[in-house]
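Worksheet for the structure shown next.
Computed from a predicted structure; not experimentally measured. Letters go in sequence order (proteins before strands), and every chain restarts at 1.
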There are 2 protein chains.
Amino acid sequence: MTQNLDAISPDIPSDYESLKARISTLSDSMPKRLLQCARYALANPDRIALGTTAEIASAAGVQPSTLVRFAQTLGFDGFSQMQQIFQGQLVGRNSEYTERLTKIRESGTNTPGSILGNFVERSKQSLDDLLRQVDTVALERSIEALSAAENIHLLGLRRAYPVVSYLHYTLGKMGVRTNLLEYTGGILEERVQFINENDALFVATFSPYSPEVVEFASKAFGRGVSVISLTDSVLSPIARVSSTVLEVNEAEHGAFRSLSTTMCLATSIAVAVGDARKWTSLS
Amino acid sequence: MTQNLDAISPDIPSDYESLKARISTLSDSMPKRLLQCARYALANPDRIALGTTAEIASAAGVQPSTLVRFAQTLGFDGFSQMQQIFQGQLVGRNSEYTERLTKIRESGTNTPGSILGNFVERSKQSLDDLLRQVDTVALERSIEALSAAENIHLLGLRRAYPVVSYLHYTLGKMGVRTNLLEYTGGILEERVQFINENDALFVATFSPYSPEVVEFASKAFGRGVSVISLTDSVLSPIARVSSTVLEVNEAEHGAFRSLSTTMCLATSIAVAVGDARKWTSLS
DNA sequence: AGCAATTCAGAAAATTCATTCCAAATTTAT
DNA sequence: ATAAATTTGGAATGAATTTTCTGAATTGCT
């Protein structure tokens with residue numbers, strides 16, 4: 001009886017795309033736990049494809065039975081039937097991926113896909129380099145300096161602006177207030193006076209190094225402020241006026257650079273500083 | 001415990017590559033049925049990864065128990081253990097990755113270096129996932145829409161702000177002027193009226209989705225504006241009010257996410273749009 | 001050809017798994 | 001505030017799956 005009705009009305013999704021679509025539409029009317037399943041499934045399709053109900057359930061923080069109910073809500077008989085869709089996606093994607101990779105490698109055509117592929121490849125390379133070449137001593141000194149600072153000031157223009165802007169946000173989220181120095185005409189220099197000796201200045205600047213930024217850092221450094229700089233070469237003019245220099249070689253495609261690697265380092269710094277501050281400044 | 005035993009007994013392949021190597025070396029001295037397994041496994045790795053012993057056995061023309069013996073011949077405890085290697089290959093998670101991550105995790109302490117290591121590994125994985133999961137159709141449609149737009153408006157707050165901010169910069173460098181919508185209190189909504197039908201709105205928003213952003217996009221979409229959104233899930237409220245949705249699963253470490261992958265995609269979009277515009281709008 | 005060692009198929013056992021069920025808890029409607 | 005309906009956790013169940021075991025078949029050796 002029920003089976004007949006089920007078979008008629010909600011025909012089951014037959015591929016991953018329609019499954020996603022259905023989850024998306026049904027998610028509105030889903031109770032808490034089922035929504036939790038929905039979120040987990042969309043965020044970890046691979047684990048759904050390969051895991052057992054027990055494993056997945058514990059990873060998603062629900063009961064195995066909830067997973068089954070989730071699958072049934074979507075129109076499947078049970079979990080296993082839903083799992084097959086995820087498995088199909090996994091296999092198809094795998095073959096597509098290798099195909100895509102070879103296409104990227106051989107054809108120089110500038111399709112959006114190949115541009116992306118190129119950036120991905122180079123970014124991975126660049127991340128590897130970062131981990132291999134990073135100066136851990138400098139990194140640790142940076143964290144220390146930032147953790148110990150009374151106030152943290154952040155400066156970065158143009159390409160470096162998103163980096164400091166994200167640091168500002170992330171550190172803020174961790175309860176570390178920072179002063180993001182936005183560029184508002186020639187007034188920048190005047191603000192050096194508001195930075196005092198116990199503060200730290202974090203500066204990011206890349207290849208056509210903004211003179212204003214270097215100038216600003218120089219003045220702060222001259223005043224005895226701890227200057228931590230993030231740049232792309234030790235030859236950067238900022239290096240001369242920094243207490244600590246962090247170097248990043250960003251991935252590039254033609255004349256354009258991604259910010260993947262830089263962001264990775266920046267985020268790590270933020271988390272490390274947040275961690276360090278948590279222990280020292282715990283009220 | 002188990003690790004010690006594993007390490008002592010004929011060390012088991014931890015990688016699909018080394019597994020293949022072992023199969024091919026041992027296959028010389030394999031009896032008929034085991035050879036049959038070997039051949040089938042190498043020819044149908046996906047089915048080994050996903051099937052049950054019964055299914056695979058019948059497909060390969062052997063008994064389930066033979067499959068188990070086959071796995072044991074290669075040094076595994078049983079079939080299931082071998083299957084994991086095939087699964088890892090399918091997901092694209094090779095042993096180096098997991099090895100490094102466990103090494104990082106084992107070191108336990110949150111030293112700056114280990115935090116960075118963690119972010120680097122996860123970002124690399126996340127980049128791989130991006131290339132695997134990216135919806136090329138959506139990507140191409142996004143590029144088209146952005147290239148064809150009279151004006152491009154960019155919107156993103158909090159964690160998404162660095163992304164649009166970088167897009168603003170990069171597109172500007174390529175001669176594509178964009179309108180970066182900064183948040184200045186409640187005035188945001190009023191600005192919808194300055195966006196017209198031939199424009200495109202690029203919106204980025206992530207997990208605690210800013211209602212203002214969604215609201216803004218919704219209004220623009222309602223006015224017939226082409227809305228391209230960059231978000232982290234199809235469950236994102238922005239998906240409903242977008243012409244095209246680009247999904248990114250960013251790497252995370254604890255509660256904190258890097259922006260590496262997102263930045264990689266954003267940069268690719270910028271370059272692709274810049275390319276496309278170059279040909280159409282060459283004066 | 002005859003014997004020993006190895007390999008095999010198939011059944012049996014042990015384990016794990018997906019699913020169902022029900023009482024408790026929570027939400028919704030009245 | 002109370003009752004009804006829905007949702008949830010967790011145990012129970014029955015099915016399925018991996019693995020072991022054993023006698024038969026095959027192979028290799030003399």
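More than 12 heavy atoms of other residues, nucleotides or ligands shown are found within 6.0 angstrom of CZ on Arg132(B).
Using a 4.5 Å heavy-atom cutoff, the side chains of Leu139(B) and Leu265(B) are in contact.
Using a 4.0 Å heavy-atom distance criterion, Leu67(A) is classed as making no nucleic acid contact.
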Once each nucleotide of nucleotides 14-23 of chain C is scored for protein heavy atoms under 4.0 Å, what B/S/- sequence comes out, 5' to 3'? ---SBBB---

With B for base contact, S for sugar-phosphate-only contact and - for none (protein heavy atoms under 4.0 Å), nucleotides 25-30 of chain C reads ------

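Residues satisfying the ring pair (Phe, Tyr, Trp, His ring centres under 6.0 Å) criterion with Phe119(B), sequence neighbours excluded, are His253(B).
Note: Tyr169(A) and Tyr161(B) fail the aromatic proximity criterion, with ring centroids not under 6.0 Å apart.
One can place CG of Leu26(B) at 12 Å from P of dT7(C), the figure rounded to the nearest angstrom. Here dT8(D) presents its P atom at 11 Å from CE of Met30(A), a figure rounded to the nearest Å. Distance Ile48(B) CD1 to dT18(D) P: 11 Å, rounded to the nearest Å.
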Between Ser258(B) and Ser260(B), is a side chain to side chain donor-acceptor pair (under 3.5 Å) present by the stated rule, with each step listed? CA-CA 6 Å; Ser258(B) 144; Ser260(B) 308; 2.6 Å; yes

Could you walk me through whether Gln133(B) and Asn249(B) pass side chain to side chain donor-acceptor pair (under 3.5 Å), step by step? CA-CA 9 Å; Gln133(B) 294 172 4; Asn249(B) 281 316; 3.2 Å; yes

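A salt bridge is defined here as a Lys NZ or Arg NE, NH1 or NH2 lying under 4.0 Å from an Asp or Glu carboxylate O, and Arg93(A) with Glu96(A) fails to meet this definition. The existence of a salt bridge linking Arg141(B) and Asp135(B) is excluded, since no basic side-chain nitrogen approaches an acidic carboxylate oxygen closer than 4.0 Å.
Using a 4.0 Å cut-off, some side-chain N or O of Gln63(A) falls inside it from OP1 or OP2 of dG10(D).
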